[in-house]
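Numbered from 1 within each chain, the chains take letters A, B, ... in sequence-line order.
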Protein chains: 2
Amino acid sequence: MAGDGTIGKACDVLDQVAAFARPVRFAELLESSNFPKATLYRFLQTLTNQGMLSYDPDRQTYTPGLRLVRLAHAAWTQSSLAPIARPFLDALSRETGETVHLAQLDSNQVLYVDKRNAAQPIEMYSQAGKVGPAYCTGVGKAMMAFLDEAALDRAVSQQSYHRFTDKTLTSEAALRADLHLIRSRGYAVDDEEHEPGIICIACPILTSGGRMLGAISVTGSTERMNFDQLETWVPRVRRVAEQIGAEAQAWRFPETRPSADTDRMQAT
Amino acid sequence: MAGDGTIGKACDVLDQVAAFARPVRFAELLESSNFPKATLYRFLQTLTNQGMLSYDPDRQTYTPGLRLVRLAHAAWTQSSLAPIARPFLDALSRETGETVHLAQLDSNQVLYVDKRNAAQPIEMYSQAGKVGPAYCTGVGKAMMAFLDEAALDRAVSQQSYHRFTDKTLTSEAALRADLHLIRSRGYAVDDEEHEPGIICIACPILTSGGRMLGAISVTGSTERMNFDQLETWVPRVRRVAEQIGAEAQAWRFPETRPSADTDRMQAT
DNA sequence: TTTGTAGTTCCAAATAATGAAACTGAGTTT
DNA sequence: AAACTCAGTTTCATTATTTGGAACTACAAA
């Protein structure tokens, strides 16, 4: 992808290891990368040494390392969005009784940053950190619709347009039209475009200056409800999104921030 | 710390940004680093460009980037421990009704990888990814006790020995003695060594070859229970630790692993 | 023993990182 | 308005690091 020097290459290697959804051997990585043997080898050494990768000597495999978990923790708690949004998600989840998501845009994909699940208790990293397509999800479209022109063009052109269901929008033109509608209306819907039976409404989170920070959504299933029922939540979701946006903006210069991390650790 | 070339330096910068528990300006970073202006500047550029950092143009501040969250998700799901341990933690939490932790050792600190909270619902990243001291926590001591000699020496010498409470072990000698006991007995206790009123028992997770993978703990408070009551859980915790160890080992070559990630996404 | 496969090390050539110094530009003081 | 800060950005000759073909090792299978 990008190639800013040594650091860029190292990041590529990290992504590659992460892309295998399992512990991976040197040879496999070598095959799927353009790096020469020795070069890749040294990268793996260095990254392992740094804790960015972890190496299992028994099985001779690499996986993404624990240091990433540490750093991601910092990313989450320092983010200008997730910690602020947390209590709002709690409330929205309680009120609606449905699944609630907080997402941000990361290289034109949807990255789920937090979640409240209707049924089960929250599931740690196996939820947050997950990525999904932008062109066929509520949060994805809500976010793209509020990008500035240049960024929107880039985003639209970088979608895969894979047809997940009959209703998936599979062309730039169709997506653009929907985004236009979303922008004027202020919220996005996903009408089984990603998964059959799954519908959702989503609102963007914006600063007063109009910068798009992320999106929140409420998801339902066609088995339990129809679209009209789901759409009754739109005003509420929009208000919550506005509140989050306002609070996020308010932390202009936190100086001392009431750290989302300060909750008693009590862990031993 | 370590300095393997450009990559090591880049990782240092990431850590530095993460260490400020808030969005941080260029000048602040410059002050707290040894890098010359231009060098640091270029690192920040590149890392931001790569999504490892995120830059807020409004406030001119850097924070750890979203790409880290994505990568950490992969680290968690691909880890040979966390996904396997999950159902066991659920069970242990249900049975004991107490707070349960899964931890791994990361540069001789305790890194909490998963958690079940007695009272409240789970708290996302603000829990997993957190780090703590090893010399005065149950999981920390349980893990150190089962390191090989060289690694143990290193670990013991790298603790800070800050006195958190009256009961904190504050010397290498005292810690070594406790670790010796722990090793022979098979479990560790934390008797208010980290926080007053907080007690805990912890068992290491080992492969059959004796490699230490992590530890689990059950935590209680002196207000609700005494040590004897808590220690009745030791056999159970030990058994769970053994089971996790066995399963972790069993995934020698998963080929297709029943991915902890396969839970229906249903997110839009 | 030979052959093959997977991983590791070497070192001269190619490339990228370095950092002092100069520059910019928005805001402030004289 | 000119001079001055201060925070951030760019330049470029020098320096240090990365690079990768090829040679090597270790082990397993034929």
Side-chain angles (χ1 to χ4, degrees), chain A residues 1-17 19-20 22-65 80 209 211 252-255, chain B residues 1-17 20 22-65 80 209 211 251-255:
Chain A
M1 283 276 155
D4 4 39
T6 309
I7 292 173
K9 290 173 204 165
C11 290
D12 282 354
V13 172
L14 285 178
D15 271 350
Q16 239 186 81
V17 174
F20 284 78
R22 58 182 172 77
V24 62
R25 294 183 94 92
F26 175 73
E28 301 180 277
L29 286 167
L30 182 57
E31 199 175 4
S32 76
S33 91
N34 309 318
F35 297 112
K37 220 189 199 184
T39 304
L40 179 63
Y41 180 73
R42 258 175 294 103
F43 272 125
L44 292 173
Q45 290 278 323
T46 308
L47 289 169
T48 300
N49 191 24
Q50 288 290 327
M52 303 297 275
L53 292 177
S54 122
Y55 178 69
D56 181 335
D58 290 358
R59 11 197 132 160
Q60 302 196 143
T61 55
Y62 296 89
T63 46
S80 57
R211 218 153 54 80
R252 285 204 70 81
F253 287 103
E255 283 323 303
Chain B
M1 283 283 150
D4 0 41
T6 309
I7 292 174
K9 290 173 203 164
C11 291
D12 283 354
V13 172
L14 285 179
D15 272 350
Q16 238 187 82
V17 174
F20 283 79
R22 58 181 172 79
V24 62
R25 297 181 95 93
F26 175 73
E28 301 180 276
L29 286 168
L30 182 57
E31 199 174 5
S32 75
S33 91
N34 309 317
F35 297 114
K37 221 189 200 183
T39 303
L40 179 63
Y41 179 74
R42 258 175 294 105
F43 272 124
L44 293 173
Q45 291 277 325
T46 308
L47 289 169
T48 301
N49 192 24
Q50 289 289 329
M52 303 296 277
L53 291 178
S54 123
Y55 179 69
D56 181 336
D58 290 358
R59 10 197 134 160
Q60 302 196 144
T61 55
Y62 296 89
T63 47
S80 57
R211 218 154 52 79
W251 297 119
R252 284 206 71 80
F253 288 103
E255 283 324 303

Original post:
Any idea which heavy atoms bring B:Leu53 and B:Pro64 closest together, and the distance?
Top reply: CD2-CA, 4.0 Å
Original post:
Between A:Tyr62 and A:Val17, which heavy-atom pair has the shortest distance, and what is it?
Top reply: O-CG1, 4.0 Å
Original post:
Which is it for A:Leu30 and A:Tyr41 under the side-chain contact (heavy atoms from CB on, under 4.5 Å) test, yes or no, and what are the steps along the way?
Top reply: CA-CA 9 Å; A:Leu30 182 57; A:Tyr41 180 73; over 6 Å; no
Original post:
Does A:Ile7 or A:Tyr62 map to a spot on DNA chain C nearer the 5' end, using the closest nucleotide for each?
Top reply: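 Closest to the 5' end, via its nearest nucleotide, is A:Tyr62.
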Original post:
Could you state the interatomic distance from CD (A:Gln45) to CZ (A:Phe26), rounded to the nearest 0.5 Å?
Top reply: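 With rounding to 0.5 Å, CD (A:Gln45) is 9.5 Å from CZ (A:Phe26).
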**OP:** Would you give the length of the straight line joining atom CG of B:Leu47 to atom CD1 of A:Ile7, rounded to the nearest 0.5 angstrom?
**Re:** 5.0 Å
**OP:** Would you please name every residue forming a ring pair (Phe, Tyr, Trp, His ring centres under 6.0 Å) with A:Phe20, sequence neighbours left out?
**Re:**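 Counting only residues at least two positions away or on another chain, A:Phe20 forms no ring pair (Phe, Tyr, Trp, His ring centres under 6.0 Å).
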**OP:** Output the residues of residues 34-42 of chain A in contact with DNA chain C, where contact means a heavy atom of the residue under 4.0 Å from an atom of the strand; sort by number or write none.
**Re:** A:Lys37, A:Ala38, A:Tyr41
Original post:
Would you say the side chain of A:Gln50 lies within less than 4.5 Å of the side chain of B:Leu14, judging by non-hydrogen atoms?
Top reply: no
Subject >> Contact boundaries on DNA chain C for chain B, cut-off under 4.0 Å to non-hydrogen atoms >> reply: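 Taking any atom under 4.0 Å from a heavy atom of chain B, the span is C:dA17 to C:dA20.
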**OP:** Quick one: list whatever passes side-chain hydrogen bond (donor to acceptor under 3.5 Å, both in side chains) with A:Tyr55, sequence neighbours left out.
**Re:** none
Run the side-chain donor-acceptor check on residues 31-40 of chain B: report pairs under 3.5 Å with partners two or more places apart or on a different chain.
unit_1	atom_1	unit_2	atom_2	d
B:Ser32	OG	B:Gln16	OE1	3.1
B:Ser32	OG	B:Leu29	O	3.4
B:Ser33	OG	B:Phe35	N	3.1

Subject >> Nucleotide range of DNA chain D lying under 4.0 Å from chain A heavy atoms >> reply: D:dT18 to D:dG21
**OP:** Scan residues 44-56 of chain A for pairs that pass salt bridge (charged side-chain N to carboxylate O under 4.0 Å, His left out), counting only residues two or more places apart or in two chains.
**Re:**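 Passing the test, one end in residues 44-56 of chain A: A:Asp56-A:Arg59, A:Asp56-B:Arg211.
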